[in-house]
Each structure stands twice: as structure tokens, then as C-alpha cells.
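We name chains A, B, ... by the order of the sequence lines, and we start the count at 1 in each one. Predicted model only: the values in this text are computed from it and were never measured.
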2 protein chains.
Amino acid sequence: MSDVYKALADETRRAILDELVRRDEQTLFELVNRLISAHGLSSSRQAVSQHLAVLEDAGLVRVERRGRYRIHHLDTGPLRAITERWPVALGDPSNTPNAHRKEKT
Amino acid sequence: MSDVYKALADETRRAILDELVRRDEQTLFELVNRLISAHGLSSSRQAVSQHLAVLEDAGLVRVERRGRYRIHHLDTGPLRAITERWPVALGDPSNTPNAHRKEKT
DNA sequence: TTGACATGCAAGTAAACGCTTGCATATCGT
DNA sequence: ACGATATGCAAGCGTTTACTTGCATGTCAA
């Protein structure tokens with residue numbers, strides 16, 4: 001499994017995740033159309049396909065074949081690695097476990 | 001302010017954040033030494049300096065001048081944008097507000 | 001002031017990235 | 001079977017990125 005952080009580094013890929021949050025289980029074509037019509041992006045089918053490959057490699061998107069369609073469904077699980085690595089970033093500002101740690105060296 | 005996601009895309013920059021979580025308020029030299037001795041990275045001073053510029057630009061690191069030193073201190077605030085954008089990624093697996101949203105279009 | 005220390009700045013380079021182009025494969029409806 | 005639909009694969013290209021190199025600036029201690 002590849003790098004979750006690198007997968008998030010591209011705005012088009014983030015828009016794809018947004019779109020899958022809005023409606024899960026979309027095909028490549030549906031995603032391309034939505035990116036263009038609702039996200040102001042002009043992404044070709046091949047571009048989106050490659051982005052989906054990156055997202056899939058990062059574990060953020062799971063793919064299921066249905067006939068000639070590829071259904072993409074969101075898996076936000078890997079994102080948890082980010083909040084666990086720097087625990088401060090939780091929604092509640094008062095909940096910042098490691099914000100005032102003392103040094104060790 | 002630049003892209004938080006792109007700032008996180010590099011492993012060395014993530015190690016810098018880790019290091020600042022362990023001990024906040026470090027200088028460039030301290031960070032370079034720690035990255036080498038404790039994180040298994042061989043980063044030059046200039047490389048780390050440029051990484052810090054990226055992190056600063058993303059709002060993840062604040063800088064304070066103290067005489068001839070530059071003290072770097074961590075600000076995890078911008079990371080909250082990630083958890084707010086895809087709210088599923090909170091620490092608690094049962095807390096997944098948007099995981100089963102219905103479609104709109 | 002002088003030398004050592006800590007950092008700043010900018011040009012150059014190799015690799016990675018995002019995208020396009022062109023063609024191939026596979027599935028459905030008729 | 002046949003055309004249309006939906007996706008797969010891979011080479012090529014321009015841009016960005018991370019890094020190095022070389023020198024400049026600024027601060028401290030003596």
C-alpha cells in the first residue's frame with residue numbers, strides 16, 4: 001500500500017474524495033462528469049483513472065467490478081493515521097493530548 | 001498560505017513534525033541533528049531549511065527569532081482542515097457522521 | 001574588531017508527477 | 001455477431017519537487 005499523504009497532495013484527488021463522500025459508489029464516468037460539472041475541474045477520463053489508481057493504492061478507495069462498470073467506494077480509514085500521528089488535530093480545540101509534551105533528550 | 005496537503009506529502013517534513021511533537025521549539029541545527037540521529041534521515045542543513053519554509057508556508061510551523069537562532073514551533077491547527085473535510089477520520093471508529101449519506105443528484 | 005557560529009538566498013540538476021495520446025480489452029444491448 | 005459503451009495499458013512530455021552547491025548576511029564571544 002502506497003503513501004496516503006502523497007495521495008492527498010493533489011487537489012483533483014481530494015475533489016474525488018469529496019465527491020465520494022457526497023455519494024458513494026460511483027463509476028469512473030460519473031466521477032469525471034461530477035468533477036467537471038460540480039467541482040470546476042476539467043479532468044480527462046484517463047487523468048481521473050490514474051488518480052483513482054493512486055487513491056486505491058493508498059487504500060482510500062476500494063474498487064468493485066459490476067459488469068462493465070467499476071464501482072468506486074470511499075474508505076476513510078487510512079486518514080486516521082494522520083490524526084493518530086499528530087493527535088492535536090481533533091475537532092475539539094481543547095482536546096490536544098500532546099500539545100504540551102516535555103522533552104526527552 | 002500554501003497547501004497543507006502538499007506540505008505533508010514529504011516524509012522528511014513529516015519527520016520534522018514528529019520531532020517537533022516530541023520537543024517543541026527547536027532550531028534548524030537541532031532539527032537536522034535529530035533527523036539524522038533519531039529518524040534515520042540524512043538531510044543537509046539547506047534541505048531541512050527549505051522543508052521548514054514549506055511547513056511555515058502551510059502554517060504548520062511558526063518561527064520566532066532569538067538572537068542568531070530561529071526557533072521553530074509546531075502548530076497543528078491546519079491539520080484540522082483534514083479531519084473537518086472528511087469527518088470520518090476521527091479517532092473513534094463508531095463516530096462516522098457522513099459514512100452513509102444518501103445521494104442528492 | 002575579529003573569527004566562529006547560525007542562518008539566508010539563489011541558481012542548477014535529477015527525479016517524480018500529472019497529463020495527454022493512442023491503442024487494446026471487455027461487457028452490454030440489439 | 002456487431003456496434004456502442006466502459007475501462008485498461010503504456011509511452012511520451014512539460015512542470016514541479018527535493019536536493020545540492022556556492023556565496024552572502026547576521027549574531028555572538030573574546
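The distance between atom CZ of Phe29(A) and atom P of dG8(D), rounded to the nearest whole Å, is 11 Å. Atom P of nucleotide dA6(D) and atom CG of Leu52(A) are separated by 16 Å, given to the nearest angstrom. One atom, CD of Glu30(A), and another, P of dT5(D), lie 16 Å apart when rounded to the nearest Å. Put simply, CG on Leu41(A) is 14 Å from C1' on dC19(C), counting in whole angstrom units. When rounded to the nearest whole Å, the span between CD of Gln26(B) and P of dT7(C) equals 11 Å.
Salt-bridge check for Asp3(A) with Arg14(B): passed, with a basic side-chain N closer than 4.0 Å to an acidic carboxylate O. Electrostatic pairing of Arg70(B) and Glu64(B) does not count as a salt bridge here, judged by no charged N lying under 4.0 Å from a carboxylate O. Using a 4.0 Å cut-off between charged nitrogen and carboxylate oxygen, Arg66(B) and Glu25(B) count as a salt-bridge pair.
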Nucleic acid footprint by protein, nucleotides 17-30 of chain D - heavy-atom cut-off 4.0 Å, B for base, S for sugar-phosphate alone: SSBBB-----BS--
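Between Leu17(B) and Val61(B) there is a side-chain heavy-atom pair separated by less than 4.5 Å. Taking 4.5 Å as the limit, every side-chain heavy atom of Leu60(B) sits out of range of all side-chain heavy atoms of Asp75(B). Contact check for Arg23(A) versus Glu30(A): side-chain heavy atoms found under the 4.5 Å cut-off.
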Side chain to side chain donor-acceptor pair (under 3.5 Å) between Arg62(B) and His73(B), worked out: CA-CA 5 Å; Arg62(B) 300 276 184 85; His73(B) 107 83; 5.0 Å; no
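The side chain to side chain donor-acceptor pair (under 3.5 Å) check on Gln50(A) picks up nothing, with sequence neighbours excluded.
For the helix from dT1(C)-dA30(D) to dT30(C)-dA1(D), the terminal axes (five pairs an end, C1' atoms, rotation from four pairs onto the next four) enclose an angle of 30°, given to 10 degrees.
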